[in-house]
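These notes concern the structure reproduced below.
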Amino acid sequence: MARPYKPGPKQFVFAVGDGDDQHVTVGDPQEAYVAFSAFFRGREADTYTITDEPAKQSVVLMPRLGVISRITEADPQRSEHLKVDRANRYLPSAMLFFERGYAGLDHFGQWFSDLADLDASPESRGAARAATFTTEAAAIEELGRIWSDSGYVDPTDQYYIFFDSKDVDDDRADRAELLQLIDFLGLERVDAPAGATGGEVWVRSDPRLDAECEQWA
């Protein structure tokens, strides 16, 4: 069961730009998610906006463009944008926003402050994202995010497998970022065993990975 909002209840505004905004008052994130799911699935729109007016934060889902934006008008004012490759990413992003607002989406994917950056190739986006991590701690944390989405530890505990059962054309931006971060951290990438899917990336176990991935498991 979702934890109730404290203080609560909370109010959100759902909008699609047609003037028929829906104001909801909810006691917890799950209740907010259920209300927004019905709103989202009951309309065909270019944009769906969730606004937490007291917190001055919002998230904008743009399925036809394949983009999610998050905005905070608090000091400092910020907006970031995420390229979405799978249709099943929109509602989970809403749930994270209901749970923890703007910060709840920190580890949801590759966020960029310039919307134009999303027009770059996935490989360019991945390389640009990797370049923003200049400390070992931050780079390891980002590896944990990537691994948590579709990774596992092999039964011998010797390797971390990224992009389990994925093809090389899947998750291209995250893949490009991962490979650059592996080099930055000096981790050892090994050949995948025979029979593994072509897109899997196998990395030899490392104490830094052990500690980080345990938090994501």
Of all heavy-atom pairs linking D46 and R64, the shortest is OD1-NH1, 2.6 Å
Parallel, tilted or perpendicular: which fits the ring planes of F40 and F36, with parallel below 30° and perpendicular above 60°? tilted
Is there a path of hydrophobic side-chain contacts, each under 4.5 Å between heavy atoms of I, L, V, M, F, W or Y residues, that connects F14 with V60? no
Steps toward side-chain contact (heavy atoms from CB on, under 4.5 Å) verdict (E142, L178): CA-CA 9 Å; E142 181 69 355; L178 170 70; over 6 Å; no
Quick one: OG on S205 to CD on E188, what's the gap to the nearest 0.5 Å? 11.0 Å
Atom OH in Y90, atom CE in M62: separation rounded to 0.5 Å? 8.5 Å
Cluster question for you: counting only ILVMFWY and a side-chain heavy-atom cut-off of under 4.5 Å, with indirect links fine, are F184 and L187 together? yes
Between I68 and R89, which heavy-atom pair has the shortest distance, and what is it? CD1-O, 4.2 Å
Verdict with supporting geometry, R208 and E136, side-chain contact (heavy atoms from CB on, under 4.5 Å): CA-CA 9 Å; R208 296 167 295 174; E136 178 179 290; 3.1 Å; yes
cation_pi(R70, W111) dist<6.0 Å, angle<=45: yes
Mind checking whether L118 and L115 have side chains closer than 4.5 Å, heavy atoms only? yes
Between the side chains of T51 and E53, is a donor N or O closer than 3.5 angstrom to an acceptor N or O? no
Separation between CG (L209) and CH2 (W216), nearest 0.5 Å, reads 13.0 Å
Take D28 and K6 through the side-chain contact (heavy atoms from CB on, under 4.5 Å) test and state the conclusion after the steps. CA-CA 9 Å; D28 60 57; K6 293 183 179 180; over 6 Å; no
Is there a side-chain contact between I146 and E177 (heavy atoms, below 4.5 Å)? yes
Restricting to non-hydrogen atoms, name the atom on A32 and the atom on Y5 that form the minimum distance, rounded to 0.1 Å. CB-OH, 4.2 Å
Can you check salt bridge (Lys or Arg N to Asp or Glu O under 4.0 Å) on K83 and D119, steps first, answer last? CA-CA 9 Å; K83 190 71 173 179; D119 293 331; 5.6 Å; no
A128 and T132: which non-hydrogen atoms are nearest, and at how many Å? O-CG2, 3.4 Å
Separation of D117 CG from R125 CZ (nearest 0.5 Å): 9.5 Å
Considering only heavy atoms from C-beta outward, does the side chain of R189 approach that of W202 to under 4.5 Å? no
Validation row, ring centre F98 to ring centre F12 under 6.0 Å: yes
Membership question, hydrophobic clusters at under 4.5 Å side-chain separation (ILVMFWY): are Y152 and I182 in the same one? no
Under a 4.5 Å cut-off applied to non-hydrogen side-chain atoms, are L105 and V59 in contact? yes
Measure from the side-chain N and O atoms of S121 to the backbone N and O of S124, and report whether any donor-acceptor pair falls under 3.5 Å. yes
Measuring from atom CD1 of I71 to atom OG of S79, what distance do you get when rounded to the nearest 0.5 angstrom? 6.0 Å
Would you say the side chain of D154 lies within less than 4.5 Å of the side chain of I161, judging by non-hydrogen atoms? yes
Think R175 forms a cation-pi with F163, using NZ or CZ under 6.0 Å from the six-ring centre and within 45 degrees of its axis? yes
Side-chain heavy atoms of I140 within contact of L185, under 4.5 Å: yes
Treating Q180 as the side-chain partner and G126 as the backbone partner, does any N or O pair qualify as donor plus acceptor under 3.5 Å? no
Note, V16 side chain near T49 side chain (heavy atom, < 4.5 Å): no
Does R43 count as lying over the ring of Y48, i.e. NZ or CZ under 6.0 Å from the six-ring centre, within 45 degrees of the axis? no
When clusters are formed by joining ILVMFWY residues with side-chain heavy atoms under 4.5 Å apart, either directly or through shared neighbours, do V153 and L143 land in the same one? yes
Separation of E141 CD from D106 CG (nearest 0.5 Å): 8.5 Å
Please determine whether a side-chain nitrogen of the Lys or Arg among K10 and D52 lies less than 4.0 Å from a carboxylate oxygen of the Asp or Glu. yes
Spell out, yes or no, whether L91 and L96 are grouped together once hydrophobic residues are joined by side-chain heavy atoms under 4.5 Å, including indirect joins. yes
Any donor-acceptor N/O pair, E80 side chain to F112 backbone, under 3.5 Å: no
Any side-chain heavy atom of Y33 within less than 4.5 Å of one from E31? no
Salt-bridge criterion met for K166 and D174 (N-O under 4.0 Å): no
Give the intermediate values and the outcome of side-chain contact (heavy atoms from CB on, under 4.5 Å) for residues Y160 and V201. CA-CA 8 Å; Y160 283 86; V201 176; over 6 Å; no
Non-hydrogen atoms of E99 and P29 that approach each other most closely: CG-CB, 3.8 Å
So which heavy atom on A94 is nearest to which on I50, and how close? CB-CD1, 3.7 Å
Is it the case that more than 12 heavy atoms not belonging to D18 sit under 6.0 Å from its CG atom? yes
